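Here the structure comes first, spelled out in structure tokens, and everything after it is commentary.
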Amino acid sequence: MIGIYLSAKNDTEGFRIPVNPPELPFKNTADGEEFSIAKKGTVNVPKPMKLTEFAFSSFFPADDTHYAETQFREPQIYIDQINKWMAAETVIRFIYVGGSFSVNELVTIESFEPKDQFGTEDVDYTISFKKHVPFGFRKMEVVKKSAAKKVAATKQPVTVAKKEAPRDNPKPVPQTYSLVKGDSLWKIAQKYTGNGANYKALQSLNGIKDSELRKLPIGLKVKIPPEWTAKK
């Protein structure tokens, strides 16, 4: 038995066409493009087919009739449902069974023309469809500069071991002076600083007691305060 069904939202909405149309023509069109070539004439470059389009005309009966394929519904119910789908840009499923071929396609309603006519309350209409191919756009992800900086900030800093500079010797090695005959700490201080009264610093550095000042042996190596040689 021939039947045409329209449904949407997982068959929670829909209906069967109450009166089958006298014909159901389908139109498949190629999208070839013509070009003119010198000395050859017009050529046609084949391209993918266009989306299938089809339409039919029938009517919604105003009363319960024996030739209706479904339980009676007021014509307004069908009209409201179709208008609702079109307003919401709803993709519906079109099913045609029982004929020489069958159709089960997702479609969109391209036009719907109900027509009131005098002499009967039946509502004539013409409705057209176009095949729908599901598609979607992939959302692009833009990497923001701040995010890139965060990634860079999370990287552990590279530690570079610094070579330590060689330490300066904090305690310069004092020069020494070997006593000769007739030397005294006074003379040594006089020699290095120009003032013999500075001998106390020489005495202290070398740990010489006052009682030993006059008994310093010849050849004794006396350490010279570093500041004396630096001045020199």
Side-chain angles (χ1 to χ4, degrees), residues 1-36 42-144 147:
M1 180 181 293
I2 293 176
I4 298 174
Y5 303 84
L6 305 181
S7 64
K9 300 180 181 179
N10 293 326
D11 296 332
T12 56
E13 297 178 357
F15 55 84
R16 180 177 179 177
I17 297 297
V19 179
N20 290 327
E23 60 180 3
L24 185 58
F26 287 83
K27 183 179 180 182
N28 292 317
T29 307
D31 196 21
E33 189 171 0
E34 294 184 350
F35 295 91
S36 295
T42 303
V43 297
N44 182 44
V45 178
K47 291 188 176 181
M49 292 180 59
K50 292 183 177 180
L51 297 174
T52 302
E53 298 181 34
F54 55 95
F56 63 81
S57 297
S58 184
F59 67 95
F60 299 121
D63 300 302
D64 192 6
T65 65
H66 65 280
Y67 50 82
E69 305 291 345
T70 63
Q71 187 176 359
F72 174 74
R73 290 182 179 180
E74 294 287 344
Q76 191 63 51
I77 295 176
Y78 298 105
I79 294 171
D80 290 344
Q81 181 64 76
I82 293 173
N83 286 334
K84 176 185 173 184
W85 284 339
M86 293 188 72
E89 302 176 1
T90 304
V91 176
I92 67 171
R93 183 164 293 280
F94 179 96
I95 297 176
Y96 170 67
V97 293
S100 301
F101 58 88
S102 60
V103 177
N104 185 347
E105 296 278 11
L106 291 176
V107 299
T108 53
I109 301 173
E110 297 299 297
S111 66
F112 174 60
E113 302 175 46
K115 183 169 59 179
D116 206 0
Q117 56 183 339
F118 300 109
T120 176
E121 294 183 351
D122 294 342
V123 178
D124 289 357
Y125 68 90
T126 298
I127 187 169
S128 65
F129 306 89
K130 179 178 287 186
K131 181 179 178 179
H132 173 77
V133 177
F135 66 97
F137 297 101
R138 180 178 293 180
K139 185 178 180 181
M140 294 183 65
E141 295 183 359
V142 179
V143 179
K144 297 181 178 179

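No hydrogens, no waters, no symmetry mates; every other heavy atom, side chains included, goes into these values. Predicted model, so just to flag it, every value in this text is computed and none were measured. Residue numbers count from 1 along this sequence.
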**Request:** Rounded to the nearest 0.5 Å, what's the gap from CD on E110 to CD on E53? Could you check?
**Result:** 7.0 Å
**Request:** With sequence neighbours excluded, tell me which residues meet ring-ring contact (aromatic ring centres under 6.0 Å, His included) with F135.
**Result:** F137
**Rounded distance [0.5 Å steps], CD in Q81 versus OG in S7** = 10.5 Å
**Fill in**
In terms of heavy-atom contacts, F112 and M86 come closest through CB-SD, 3.7 Å
If you look only at distance, which donor and acceptor atoms sit under 3.5 Å apart when one is on a side chain in residues 121-132 and the other is two or more places apart or in another chain?
unit_1 : atom_1 : unit_2 : atom_2 : d
D122   : OD1    : A62    : N      : 2.6
D124   : OD1    : Q117   : NE2    : 3.0
D124   : OD2    : Q117   : NE2    : 3.0
T126   : OG1    : S57    : OG     : 2.8
S128   : OG     : S111   : N      : 3.2
S128   : OG     : S111   : OG     : 2.5

**Minimum heavy-atom distance between N20 and E69, given as atom pair plus value** = ND2-OE2, 3.5 Å
**Asked** So how far is it from D11 CG to Y5 OH, rounded to the nearest 0.5 Å?
**Response** 11.5 Å
**Message:** Please give me the minimum heavy-atom distance between W85 and A8, naming the atom from each residue.
**Reply:** NE1-CB, 3.8 Å
**Request:** Describe, in one word, how the ring planes of F15 and F60 are oriented to each other, choosing from parallel (under 30°), tilted (30 to 60°) and perpendicular (over 60°).
**Result:** perpendicular
**Prompt:** Hey, what do you get for CZ (R93) to CD1 (I95), rounding to the nearest 0.5 Å?
**Reply:** 6.5 Å
**Within 6.0 Å of CG in N44, more than 12 heavy atoms from elsewhere** = yes
**Request:** Go through F59 and T120 one step at a time and tell me if the side chain to side chain contact (heavy atoms under 4.5 Å, CB included) criterion holds.
**Result:** CA-CA 11 Å; F59 67 95; T120 176; over 6 Å; no
**Complete:** For I2 and G99, the nearest pair of non-hydrogen atoms, with its separation, is CG1-N, 4.1 Å
**Prompt:** Between S58 and I4, is any pair of side-chain heavy atoms under 4.5 Å apart?
**Reply:** no
**Message:** Is the ring pair F26/F94 parallel, tilted or perpendicular, if the boundaries are 30 and 60 degrees?
**Reply:** perpendicular
**Item:** P25 to F54 - nearest heavy-atom pair and separation
**Value:** O-CB, 3.2 Å
**Prompt:** What's the spacing between E13 CD and I92 CD1 if we round to 0.5 Å?
**Reply:** 10.5 Å
**Message:** Under the criterion side chain to side chain contact (heavy atoms under 4.5 Å, CB included), I'd like the reasoning laid out for F72 against E74: C-alpha separation, chi angles, the key distance, then a yes or no.
**Reply:** CA-CA 7 Å; F72 174 74; E74 294 287 344; 3.9 Å; yes
